[in-house]
Amino acid sequence: MAQLALLGLGHMGQAMAANLLKAGHQLTVYNRTQEKAEPLVAMGATVAASPAEAVKQAEVVFTMVTGDAALQSLALGIDGFLPAMVPGSIHASCSTVAPATNQMLARLHEEHSTTLVSAPVFGKPDAVQAANLWVCLSGPEAAKSRLAPLWPAISQGQYDVGEDPGAASTVKLCGNFMLGAAIEAMAEAFTLAEKSGVSRQQIYEVMTGTIFNSPIYKSYGHMVATEDYKPLGAAPHILRKDLDLVMHEAQDHGVPMPIANIVFNHLTTTVARTAGDEDWTSFARRVSEEAGLRLPALT
């Protein structure tokens, strides 16, 4: 069993930590709000007072935080973990961040005789609990091989996209854009059907039973059809950040992405209007509102 550290105990991080403990690994955790670690302590985890303290004996350090700024602060800020890592150890960077962020951190890891593997994941917290995440990997081959025995605790499979530490981040951003585009498409189609006299549930059942019979259209589509956007999987502000990263990458590479702009704008409105207790899929409401359905009350 491995000596591990996990930094970042949001919904995803907590679920990952619990599964790693269940698999028998020794785990030290860190989170700015230490109360989030209490259920993990009951399972055998050790709580560190700082990122640096968390990694002092770890063979592998997992990070699962909300974005680039949080990751860089954990790694390089006061009591940052990167300089404190054991030489030869591995940082599995599981957060959704810009490719350039993991590339920059990978260079710093080399200077400290440690290694970064970009390892963003696809799936919600319930998928972690069921060990059903998909992991996208990029980084040095030897480090990826060393991580291989750890993934079954949290995932059903991994996809290796090469040695560039930014490559897996690119794939993750493309995937999140495609999720947003699918939700936008369903929101538009279901709204058109509703205004034409066909119920949202009817078109959902037809489409997911025939040409769109896939997990994404079934799971997110059910939320859009019923307009029930709970439980919270990922908050709108987190996916708004991801779509912002997508558009920056598109601008850097000269790729027009008009649908990304639409999804980003709908997420921006959603963040401004909601308290953050609904899933990011709730941006589909903007389509209904634009069509004159279920308009928000004037204040």
Side-chain angles (χ1 to χ4, degrees), residues 1-23 25-98 101-106 108-109 112-121 123 125 128-129 133 135-137 139 143 146-147 150-151 153-155 165 168-169 172 234-235 238 241:
M1 296 296 104
Q3 178 71 49
L4 310 176
L6 193 149
L7 286 66
L9 297 177
H11 295 302
M12 294 292 288
Q14 282 190 342
M16 289 172 62
N19 274 23
L20 291 168
L21 287 165
K22 290 175 185 176
H25 300 294
Q26 294 180 298
L27 183 67
T28 300
V29 296
Y30 169 80
N31 195 71
R32 286 183 301 174
T33 307
Q34 291 201 359
E35 290 79 9
K36 289 187 176 182
E38 290 175 0
L40 300 171
V41 172
M43 297 177 66
T46 300
V47 181
S50 70
E53 180 184 319
V55 306
K56 286 184 176 178
Q57 297 180 352
E59 303 165 53
V60 177
V61 177
F62 292 91
T63 54
M64 178 56 85
V65 292
T66 55
D68 299 69
L71 177 58
Q72 292 184 54
S73 177
L74 272 181
L76 306 173
I78 298 173
D79 289 328
F81 72 84
L82 197 156
M85 287 178 63
V86 178
S89 59
I90 300 168
H91 170 200
S93 180
C94 299
S95 310
T96 303
V97 296
T101 296
N102 276 335
Q103 289 166 339
M104 177 271 292
L105 289 175
L108 295 177
H109 273 290
H112 287 89
S113 299
T114 53
T115 305
L116 179 141
V117 172
S118 180
V121 300
V128 188
Q129 294 165 3
L133 288 177
V135 184
C136 192
L137 297 168
R146 285 176 56 195
L147 290 175
L150 301 176
W151 296 124
I154 64 170
S155 77
S169 295
K172 171 63 172 174
I238 294 177
K241 175 268 299 180

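Counting from 1, the numbers follow the sequence of the chain as shown.
Taking each heavy atom of V86 and A58 in turn, the nearest pair found is CG2-O, 4.0 Å. S50 and E53 get closest at one heavy-atom pair: OG-N, 3.1 Å. Closest heavy-atom contact between L21 and H25: CD2-O, 3.8 Å. In this structure, P165 and S118 approach most closely via the heavy-atom pair O-CB, 3.1 Å. The shortest non-hydrogen separation linking A106 to L116 is CA-CB, 4.0 Å. Between N31 and K36, the shortest heavy-atom distance links the atoms ND2-CD, 3.6 Å.
The distance from atom OG1 of T63 to atom CG of L74, rounded to the nearest 0.5 Å, is 7.5 Å. Summarising the geometry, atom CG belonging to L4 is positioned 7.0 Å from atom CD belonging to E59; distances are rounded to the nearest 0.5 Å. In this structure, CG in L71 is found 11.0 Å from CE in M64, a value given to the nearest 0.5 Å. The CE atom of M104 lies 5.5 Å from the CG atom of L76; values are rounded to the nearest 0.5 Å. For the atom pair CD (Q57) and OG1 (T28), the distance works out to 7.0 Å, reported to the nearest 0.5 Å. A distance of 8.5 Å separates CG of L137 from SG of C94, quoted to the nearest 0.5 Å.
The number of heavy atoms from other shown groups lying within 6.0 Å of CD (Q3) is above 12. Within a 6.0 Å sphere centred on NE2 of H11, other residues, nucleotides and ligands contribute 12 heavy atoms or fewer.
Between W151 and F62, the ring-plane angle classifies as perpendicular under the 30° and 60° cut-offs.
Screening V121, L133, N19 against S155 for a side chain to side chain contact (heavy atoms under 4.5 Å, CB included) leaves a single residue, L133. Across L27, L6, L9, a single residue satisfies side chain to side chain contact (heavy atoms under 4.5 Å, CB included) together with M16, and that is L6.
For the pair Q72 (side chain) and T101 (backbone), a donor-acceptor distance under 3.5 Å is absent. Judged purely by atom type and a 3.5 angstrom limit, S95 uses its side chain to pair as donor or acceptor with the backbone of V65. A side-chain donor-acceptor contact under 3.5 Å links D68 to the backbone of A98. Of the possible polar contacts, one joining the K241 side chain to the T66 backbone as a donor-acceptor pair under 3.5 Å is found.
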Verdict with supporting geometry, T96 and I238, side chain to side chain contact (heavy atoms under 4.5 Å, CB included) = CA-CA 9 Å; T96 303; I238 294 177; over 6 Å; no
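For T115, the side chain to side chain contact (heavy atoms under 4.5 Å, CB included) partners two or more places apart in sequence, or in a different chain, are P140, A143.
A donor and an acceptor atom, one from each side chain of H91 and T114, are nowhere located under 3.5 Å apart.
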